[in-house]
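Report on the following structure.
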Amino acid sequence: ADIERLCVHESVENVVPTEAFVEAFDDLDVPAELVGDGEGYAESDAVVSFRPRPEFLDAGWVHCARAGYDEFDTDAYEAAGVPLTNSSGIHGETVGELAVNYMLSFARLLHVYRDHQHDADWYDPDYERPFTVGGERLCVVGLGTLGRGIAERADALGMEVVGVRRSDESVPGVSRIYDPEDLHEAIADARFVAIAVPHTPATEGMFGAPEFRRMRDDAYLLNVARGPIVNEDALVDALDAGDIAGAGLDVFETEPLPEDSPLWDFEEVIISPHKGSATNRYHLDIADLVSENVGRYLAGEDLRNRVA
Ligand code: NAD
């Protein structure tokens, strides 16, 4: 198979500076060019995009510039015989650090002090409130790139890490693996529960009222995966009722999170604007992945991260 153009769809601007991203392909033998909507595609085109477009099905190969490819219709790609690849495998460090950041804040109260800093307030929290993450139990739901990145870092902080995974094969830093069917048992004793599964029919609404009731009332939910995995209304109710203590959230049912969402107002909710994977070299990380696959595609080898 041949590639004559590497088409970078303008929607990548959601996550990378487009110009620098296109330049990152300068060393490839295939020319990279920025394309907008209204472009037509041929089998000799490879496409890199953040968002799906129906016309991509005319291309030879499509790469989703995100790990979560839930917006792409994998059945349509399979039916059309167009390989679809994603950007999984590069977010263990970035999202892992974000998850650890939430946990350390909840334990050491940085988010609270920062809130009071806005009023030059030398704040004195209740004696009972600060704690250390060391020795606390973290349950990581999903042990792929993100889950492992979180687990390894939590383990290094002296936390007791357990996980939920469909196979019981051991994972570094994780002391016990639960089957997804035993989710309630896995989360019951955890001080922190981190969600690191993709958004699929099986994971949509995986966390709702029954799960929050099952969690400890001093537990924190961390969602760095996808918004619809958590029933947001149920989360707000659980926070109001004190069924759980707080949440660190990077992803939401609707993004940007609407201004009138009650989630903005909880002191024990830390909101980051879906920036878990953001770094100043993200364009290079994605370009490396795509460039490797261009080489594989031209050599007729299996593509890395093929999801359809
Ligand atoms: P990955 O494919 O490496 O890992 C996902 C893991 O979840 C796999 O091991 C898979 O077997 C497991 N899994 C799937 N369904 C499951 C279920 N029902 N129960 C238990 N385990 C299940 O993907 P990743 O790179 O770790 O990313 C995971 C998700 O996180 C992505 O799909 C994406 O939606 C999201 N994500 C968010 C950000 C961010 O910026 N916040 C960044 C990267 C990824």
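Reckoned from all heavy atoms, side chains included, excluding hydrogens, waters and symmetry mates. For ligands, and for the atoms within them, numbers begin at 1 and follow the listed sequence.
The atoms of ligand 1 that sit less than 4.0 Å from any heavy atom of A67 are 25 (O), 43 (C), 44 (C). Close contacts of ligand 1 with S88, meaning ligand atoms under 4.0 Å from a residue heavy atom, involve 1 (P), 2 (O), 3 (O), 23 (O), 24 (P), 25 (O). Those atoms of ligand 1 that come under 4.0 Å of a heavy atom in S277, given as number and element, are 40 (O). Of all atoms in ligand 1, numbered sequentially from 1 with element shown, those under 4.0 Å from a heavy atom of T203 are 18 (N). Close contacts of ligand 1 with V224, meaning ligand atoms under 4.0 Å from a residue heavy atom, involve 36 (N), 37 (C), 38 (C), 39 (C), 41 (N). Each of the following atoms of ligand 1 lies closer than 4.0 Å to a heavy atom of V95: 42 (C). Interface atoms of ligand 1 facing H274, defined by a heavy-atom separation under 4.0 Å, are 39 (C), 40 (O), 41 (N).
At most 12 heavy atoms of other shown residues, nucleotides or ligands fall within 6.0 angstrom of atom CG in D29. For E43, the CD atom counts as loosely surrounded, since its 6.0 Å shell holds 12 or fewer non-hydrogen atoms of other residues, nucleotides or ligands. Under a cut-off of 6.0 angstrom, the local environment of CD in E181 is sparse, with at most 12 non-hydrogen atoms contributed by other residues, nucleotides or ligands.
Considering both main-chain and side-chain atoms, D250 comes within under 3.5 Å of ligand 1 through a nitrogen or oxygen pair. Considering backbone and side-chain atoms alike, L146 places an N or O below 3.5 Å from some N or O of ligand 1.
By the 4.5 Å heavy-atom criterion applied to side chains, F266 and L235 are not counted as neighbours.
The nearest heavy-atom contact from the protein to atom 20 (C) of ligand 1 is V197 CG1, 3.8 Å. The protein atom (non-hydrogen) at minimum distance from atom 5 (C) of ligand 1 is P198 CD, 3.8 Å. For atom 43 (C) of ligand 1, the nearest non-hydrogen atom of the protein is H91 ND1, 3.4 Å.
Around atom 11 (O) of ligand 1, the closest heavy atom drawn from R165, R166, E71 belongs to R166. Selection from A196, G92, G144, A225 by nearest heavy atom to atom 28 (C) of ligand 1 gives A196.
Residue contacts with ligand 1, taken as heavy atom pairs separated by less than 4.0 Å, involve P180 solely via side-chain atoms from C-beta onward.
The existence of a salt bridge linking R281 and E93 is excluded, since no basic side-chain nitrogen approaches an acidic carboxylate oxygen closer than 4.0 Å. Of the charged side-chain nitrogens involved, at least one lies within less than 4.0 Å of a carboxylate oxygen, so that R176 and E185 count as a salt-bridged pair. We find that D302 and R296 are not joined by a salt bridge, their nearest charged nitrogen and carboxylate oxygen being 4.0 Å or further apart.
Stacking of R53 on the aromatic ring of Y41 is not recorded, the 6.0 Å distance cut-off and the 45° axial limit not both being met.
Aromatic ring centres of H91 and Y282 lie closer together than 6.0 Å.
Between F106 and H111, the angle of the ring planes goes over 60°, which puts this pair in the perpendicular group of the 30/60° scheme.
Using a 4.0 Å heavy-atom cutoff, T200 is absent from the residues neighbouring ligand 1.
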